[in-house]
There are 2 protein chains.
Amino acid sequence: MSDLDLVMQRLTMRGHRITETRRRVLDVLVSMPAHFTVDDVLRQLPDVGRATVFRMMKLLQDLNVVCRVLMEDGSLHYRLSTRGHHHHLVCRDCGKVEDFSNCDVSSLVQQLAASTEYEIEGHWLEVYGRCSTCRALEGTAVGA
Amino acid sequence: MSDLDLVMQRLTMRGHRITETRRRVLDVLVSMPAHFTVDDVLRQLPDVGRATVFRMMKLLQDLNVVCRVLMEDGSLHYRLSTRGHHHHLVCRDCGKVEDFSNCDVSSLVQQLAASTEYEIEGHWLEVYGRCSTCRALEGTAVGA
DNA sequence: CTTATAACTGATACTTAGTATCATGTCAGA
DNA sequence: TCTGACATGATACTAAGTATCAGTTATAAG
Ligand SMILES: [Zn+2]
Ligand SMILES: [Zn+2]
Ligand SMILES: [Zn+2]
Ligand SMILES: [Zn+2]
């Protein structure tokens with residue numbers, strides 16, 4: 001089943017309607033790169049209301065099919081993802097994203113719990129770097 | 001030397017002026033709890049211009065005496081801190097913050113680098129939980 | 001102590017991200 | 001096909017932050 005079908009299914013399962021607008025927005029979302037903003041979406045759907053897209057992003061978050069990526073400057077971008085809790089490894093050059101959750105955050109958290117007496121209940125982690133493709137390109141770049 | 005003196009020193013060292021407004025804003029900042037917003041500051045200094053406080057927060061970031069705390073909802077708060085790169089452990093109940101940097105993020109980063117072929121250049125980590133004080137209080141809370 | 005001037009300030013207007021309201025439109029089941 | 005709850009778009013609003021600009025002030029050279 002495609003991500004798109006999955007979203008449709010979850011929508012109806014929860015009593016939400018499949019409208020023409022929702023279908024159009026979803027079509028745009030699946031065509032988007034790894035992460036995007038609401039304005040990226042609006043630019044491709046000028047006749048769709050701003051509030052509608054924001055409402056939809058919130059809905060999709062409730063349905064656990066989008067997450068938010070924290071950029072290094074502190075701004076938040078959206079990303080289609082049907083994973084539960086996970087983290088992002090974002091390429092600074094091309095914006096490509098790797099989701100990961102099989103990480104060793106838990107050991108870090110245990111260290112912290114021991115040294116601080118906090119009871120730890122959540123965390124947010126984003127990692128930034130450059131993907132192999134972009135690193136390979138750098139060597140051959142004009143002027144490099 | 002107090003944090004406040006340190007800031008003054010760094011300001012003059014970089015050719016910035018010590019003005020009455022800056023002194024007043026700094027006084028408020030050091031009196032603030034672990035993290036705060038610009039509007040928290042403005043509420044205590046109604047005659048200081050909004051832009052001035054934002055300008056000052058940016059300046060203080062350049063001087064490495066404030067950092068930003070990512071709250072769980074995605075909003076950013078400010079925090080006075082003269083540390084370099086570090087992370088936050090934020091109490092969900094009282095807002096208390098522990099800075100930490102002696103963490104095991106580097107091993108996590110190495111794992112990631114090995115499994116993804118990304119060259120890793122940065123990260124952002126925030127941890128949320130409840131401090132020992134708030135946990136102790138819970139047991140004695142009315143109605144608990 | 002002046003004075004020149006670069007730095008600083010506050011007001012205002014603007015931007016970006018997101019929420020609230022509300023009249024109109026439409027999906028989907030009876 | 002009827003109907004009402006759900007969805008939509010326009011509009012206006014909030015919150016965080018930036019840009020502009022005319023007026024003020026710190027500071028250091030004289
Ligand atoms: Zn995790
Ligand atoms: Zn890349
Ligand atoms: Zn606490
Ligand atoms: Zn670190």
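So that the names make sense, note that chain A is the first sequence line, chain B the second, and so on, each numbered from 1.
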- prompt: Taking atom types as modelled and ignoring hydrogens, do the side chains of A:D39 and A:T37 form a donor-acceptor contact shorter than 3.5 angstrom?
  reply: no
message: Whole angstroms only, please: what is the CZ-P distance between A:R24 and D:dA7?
response: 17 Å
message: Looking at A:E117, I'd like to know if its CD atom is crowded, meaning that more than 12 non-hydrogen atoms belonging to other residues, nucleotides or ligands lie closer than 6.0 Å.
response: no
- prompt: Under 4.0 Å between a side-chain N or O of B:H16 and OP1 or OP2 of C:dA7?
  reply: no
query: Is it true that B:D47 and B:R24 have a side-chain N and a carboxylate O under 4.0 angstrom from each other?
result: yes
Identify each atom pair where a protein N or O and an N or O of nucleotides 14-16 of chain D are less than 3.5 Å apart, giving names and distance.
unit_1	atom_1	unit_2	atom_2	d
D:dA16	OP2	B:D39	OD2	2.7
D:dA16	N7	B:R50	NH2	3.1

- request: Starting at atom CG of A:L11, determine the distance to atom P of D:dC6, rounded to an integer number of angstrom.
  value: 14 Å
task: Classify the nucleic acid contact of A:T52 as base, sugar-phosphate or nothing, counting any heavy atom under 4.0 Å across all strands shown.
output: base
- prompt: Are A:R135 and A:D93 close enough for a salt bridge, meaning some N to O gap below 4.0 Å?
  reply: no
- prompt: Which nucleotide in the list D:dT18, C:dG18, C:dT19 gets nearest to the side chain of B:K58?
  reply: D:dT18
- prompt: When all nucleic acid strands are considered with a 4.0 Å heavy-atom cut-off, which category describes A:R55: base, sugar-phosphate, or nothing?
  reply: base
message: With a 3.5 Å cut-off and heavy atoms only, can you find an N or O donor on one side and an acceptor on the other between the side chain of A:R17 and the base of C:dG29?
response: no
